[in-house]
Amino acid sequence: MHSPSSILKKYWSFENFRPNQEEIIKSVLDGKDTLALLPTGGGKSICFQVPALCSDGICIVVSPLIALMQDQVENLNARGIKAIAITSVMSKKEVDVAFDNCVYGDLKFLYLSPERLQTEMARIRISKMNVNLFAIDEAHCISQWGYDFRPPYLQVAALREIHPHIPVLALTATATLRVVDDIQEKLLFKKKNVFRSSFARTNLAYTIRKTENKIDPVVKLSSTPEGSGIVYVRSRRRTREISDFLKRKGIASSFYHAGLPAAERITTQKEWLSGKSKVIVATNAFGMGIDKANVRFVAHLDLPDSPEAYFQEAGRAGRDGKLSYAALFWQEKDIEELERNHKLSFPSLTEIRRAYQSIANFFQVAIGSGNALTLVFDQQKICESYKLDPAVFFHCIKFLEREGYIAVNDAVYTPARLKFLANNDQLYNFQVQNPAFDKFIKTILRSYGGLFDEYVRIREKDIARKTSLGDEEVKQKLFYLDKLDLLHYIPQNDKPMLTFIQPRADAKKLFISPENLSERKKIAEERLRAMIRLVSDERNCRQKLLLRYFGEENSSDCGICDVCRKKSSSGKKAGRNDLAKIIVELLSQNPKNIRELPAALPSCTEEDISFVVRQLLDSGKIKFNTKRHLVVS
């Protein structure tokens, strides 16, 4: 077995672990169930990737977001570590091959969504794997008290039945004390075992300001020469408007939201990551999985729904340890809008049932069918077809997801994939009998390796260029070969996907527990009130309030938030007034050279002494005599 430090150096080129990482890794390697509470940017992935690489076998990682899974898989593969993600955008055949590779191949990491764990195929295949660790990312999603509760996460505990002796590592950056206990209970921890890093960020200056003008402060923040920034807003339309405004002010800016075409989102993200774009204006669809070190500020122009959401988004600033700013600008009407959104987010049971029926009708899914069926999901078309209010429909979808009826993924770009189903002899016979396809097939085989073993990413444009065909001609030929079962072709996709987690139910009998509904409404109300208290409180340190919300009761004032800076300024002013009296009293007793004052006032800084002396000279209360000594006027 390799040591954790040697693995860290080999694959990440780091000499040392961050605080708590080494202890968490040791706990996992000792076979203990472990909950790691690390702040955003605290290096959570290292905590399961390193111990998994120290041991034989495969690590199964449960993660809620396709984009996050894809990003981590790409990062691992780039380091020479074999990893794969099985997501809802993959075909049944593709999933089958991927699971086989995990059972019989040498993959080290398998990323799955919690919804996937509900399938019989997943459980059977996982039972055949040599698993060394279960890593549960965003573990707060398993708790009904968590701010992003997802019922499919409750299926994670079933992994313990399949491999009862394999340790579980749960990771989160946002958990209250109540959620911490609930995570361990839901994941059937053999013994409570929590590693908690303080959520305090000593380099992050929180600023919360009530103002009628939200844009000018953002322009000022964006005008700093170093680093980059993120501006969060609720509305997709406003992302473009504010980005355009910043551009007119000479600031390189771009905008991002889930409704943009995948290619545009990818380009926008790359330009911002590379520094070509200084500021990105985005909805909360942006940021998860993004690890950019020199983000100097994160600004919110609308109130987040909860302290958890705010803490996570603000925490994307200053990951390089340098002073950075989390700025939130609000108006009284923002609180009204937050309360209105809260009411909208709890639709009636009638509205939820109607939304579910509309989805089933749109896709023509009969009662009792559709289990694990994945389809391209166009919310706008469904709303237009059945005259549904888009805002109400959006929240109905959230409830249907939470109750485990469906799962919806935001638009994520997935490239075209290809795998040959026919063997070499069958393919050769086809080429002989169909010479028109001979060059086409040979070009594909020469361009891509491993096509008979696994699904391989392809680019239709490259094939078109090499075969002197048009893009559409290439696709038609691939579809034709797919129809003949010679290969399996999956076109690229950049649209949201909806999956029926269980067979389609009768909408009239759709069950959503009134008690659960009431409890969730109460929890959401508590979060909303906590968010309002955070922005309204102008007397207590911002970071201290946030840390108290997460259960850190004994934290000190941060010293750099807007409240602490104000206190410091007031204290300095009062201190300098007292110092002025002391200097006048001192000089009335005995004239002094200006260079003698610091020695006579050892508890004062030279900066304060110089400042007060200038003020006293300007006001005429003291003066220089002929010997250039300071005396009282």
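Since this is a predicted model, take the numbers as computed values, not measurements.
- Here the closest heavy-atom approach between residue Lys44 and residue Leu171 is recorded as O-CD2, 3.4 Å.
- The two residues Arg504 and Tyr356 have their closest heavy-atom pair at CA-OH, 3.3 Å.
- Side-chain atoms of Ser369 do not come within 3.5 Å of backbone N or O of Val365 as any donor-acceptor pair.
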What verdict does the salt bridge (Lys or Arg N to Asp or Glu O under 4.0 Å) test give for Arg529 and Glu525, after you've listed the backbone C-alpha separation in whole Å, the side-chain angles of each residue and the deciding distance to 0.1 Å? CA-CA 6 Å; Arg529 294 300 156 205; Glu525 173 82 21; 2.9 Å; yes
Apply side-chain hydrogen bond (donor to acceptor under 3.5 Å, both in side chains) to Gln70 and Glu74, showing your working. CA-CA 6 Å; Gln70 288 180 340; Glu74 286 174 9; over 6 Å; no
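- Between Phe393 and Ile359 the shortest side-chain heavy-atom distance falls below 4.5 Å.
- Side-chain contact check for Arg123 versus Gln155: some heavy-atom pair is nearer than 4.5 Å.
- Salt bridge Lys477/Glu473: absent, no basic N to carboxylate O contact under 4.0 Å.
- Under the 3.5 Å distance criterion, the side-chain polar atoms of Tyr386 are matched with a main-chain donor or acceptor of Phe362.
- Contact annotation: the side chain of Val73 never approaches that of Ile84 to less than 4.5 Å [non-hydrogen atoms, C-beta and beyond].
- For the atom pair CG of Leu107 and CG of Leu76, the computed distance is 11.0 Å after rounding to the nearest 0.5 Å.
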List the steps and the verdict of side-chain contact (heavy atoms from CB on, under 4.5 Å) for Leu375 and Phe500. CA-CA 9 Å; Leu375 303 148; Phe500 282 86; 4.1 Å; yes
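- Across all their heavy atoms, Ile60 and Val131 have their closest contact at CD1-CG2, 3.8 Å.
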Arg417 and Val456: CA distance, side-chain angles, deciding distance, side-chain contact (heavy atoms from CB on, under 4.5 Å) verdict: CA-CA 5 Å; Arg417 284 97 70 207; Val456 176; over 6 Å; no
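- The main-chain N or O of Ile86 is never found under 3.5 Å from a side-chain atom of Arg116 such that the two would form a donor-acceptor pair.
- In terms of heavy-atom proximity, Val103 sits nearest to Met129 at CG2-CG, 3.9 Å.
- Side-chain atoms of Arg316 and Val295, non-hydrogen and from C-beta on, never get closer than 4.5 Å to each other.
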Test Gln502 against Tyr405 for side-chain hydrogen bond (donor to acceptor under 3.5 Å, both in side chains), laying out the working first. CA-CA 6 Å; Gln502 52 183 282; Tyr405 287 102; 5.5 Å; no
For Leu546 and Leu534, what are the C-alpha separation, side-chain angles and deciding distance, and is it a side-chain contact (heavy atoms from CB on, under 4.5 Å)? CA-CA 8 Å; Leu546 271 171; Leu534 176 65; 4.0 Å; yes
Before you tell me yes or no, could you show the steps for His488 and Tyr455 under ring-ring contact (aromatic ring centres under 6.0 Å, His included), namely the whole-Å CA-CA distance, both residues' side-chain angles and the distance that decides it to 0.1 Å? CA-CA 9 Å; His488 187 209; Tyr455 283 83; 5.5 Å; yes
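- For the pair Val62/Ser113, no side-chain contact is recorded, criterion being any heavy-atom separation below 4.5 Å from C-beta on.
- Residues Met531 and Ser306 are not in side-chain contact: their nearest non-hydrogen atoms beyond the backbone lie 4.5 Å or more apart.
- In this structure, Arg240 does not pair ionically with Glu264, as no charged nitrogen and carboxylate oxygen lie closer than 4.0 Å.
- Taking both residues in full, the closest heavy atoms of Thr172 and Ala175 are given as CG2-CB, 3.9 Å, listed atom of the first, atom of the second, then distance.
- Taking the charged nitrogens against the carboxylate oxygens, Arg340 and Asp334 have no contact shorter than 4.0 Å, which rules out a salt bridge.
- Using a 4.5 Å cut-off on side-chain heavy atoms (C-beta onward), Lys108 and Ile58 make no contact.
- Although no hydrogens or angles enter the test, the distance criterion places no donor-acceptor pair under 3.5 Å between the side chain of Thr499 and the main chain of Ile501.
- Using a distance-only test at 3.5 Å, with no hydrogens or angles considered, no donor-acceptor pair links the side chain of Glu351 to the main chain of Cys396.
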Given His257 and Thr283, is the side-chain hydrogen bond (donor to acceptor under 3.5 Å, both in side chains) satisfied, shown in steps? CA-CA 6 Å; His257 58 74; Thr283 61; over 6 Å; no
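- Looking only at distances, a side-chain donor or acceptor of Asp482 sits under 3.5 Å from a matching main-chain atom of Tyr489.
- No side-chain donor-acceptor contact under 3.5 Å links Arg527 to the backbone of Glu308.
- Note on ring orientation: taking the six-membered ring where Trp is involved, the planes of Phe363 and Phe377 are tilted (angle from 30° to 60°).
- The OH atom of Tyr256 lies 11.0 Å from the CG atom of Asn284; values are rounded to the nearest 0.5 Å.
- Within the 3.5 Å criterion, the main-chain N or O of Trp145 finds no donor-acceptor partner in the side chain of Arg178.
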Verdict with reasoning, His300 to Phe329, per ring-ring contact (aromatic ring centres under 6.0 Å, His included): CA-CA 6 Å; His300 283 81; Phe329 305 107; 9.9 Å; no
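- Salt-bridge annotation for Asp100 and Arg125: present, with a side-chain N of the basic residue lying under 4.0 Å from a carboxylate O of the acidic one.
- With respect to Lys186 and Asp182, a salt bridge is recorded, a charged nitrogen being found less than 4.0 Å from a carboxylate O.
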Quick one, Phe346 with Phe399, criterion ring-ring contact (aromatic ring centres under 6.0 Å, His included). Give me CA distance, side-chain angles, the key distance, then yes/no. CA-CA 8 Å; Phe346 288 89; Phe399 261 93; 5.6 Å; yes
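- In this structure, Lys292 is positioned above the aromatic face of Trp272, its NZ or CZ under 6.0 Å from the six-membered ring centre and within 45° of the axis.
- Proximity of a side-chain donor or acceptor of Asn77 to a complementary backbone N or O of Ala83 within less than 3.5 Å is detected.
- Counting heavy atoms of neighbouring residues, nucleotides and ligands inside a 6.0 Å radius, atom CZ of Arg238 exceeds 12 of them.
- Counting heavy atoms of neighbouring residues, nucleotides and ligands inside a 6.0 Å radius, atom CZ of Arg457 does not exceed 12 of them.
- Sparse packing is recorded around OH of Tyr480, with 12 or fewer heavy atoms of other residues, nucleotides or ligands lying under 6.0 Å away.
- Ring geometry for Phe550 against Phe311 counts as tilted: the plane angle lies between 30° and 60°, on a 0 to 90° scale.
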Run Glu339 and Lys343 through salt bridge (Lys or Arg N to Asp or Glu O under 4.0 Å) and show every step you take. CA-CA 6 Å; Glu339 291 173 332; Lys343 289 174 184 174; over 6 Å; no
With salt bridge (Lys or Arg N to Asp or Glu O under 4.0 Å) as the test, would you mind laying out the steps for Glu472 and Lys475 before giving the verdict? CA-CA 5 Å; Glu472 286 306 313; Lys475 290 176 185 177; 3.7 Å; yes
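- Put simply, the side chain of Pro390 does not reach to within 4.5 Å of the side chain of Gln380, judged on heavy atoms.
- Between His163 and Phe134, the angle of the ring planes lies from 30° to 60°, which puts this pair in the tilted group.
- Smallest separation of non-hydrogen atoms from Glu460 and Ala416: OE2-CB, 3.4 Å.
- Residue Lys461 qualifies as open at atom NZ: its count of foreign heavy atoms under 6.0 Å is 12 or below.
- Remark: Asp305 engages Arg234 in a salt bridge, criterion side-chain N to carboxylate O under 4.0 Å.
- Without hydrogens or angle criteria, Glu454 side chain to Gly450 main chain gives no donor-acceptor distance under 3.5 Å.
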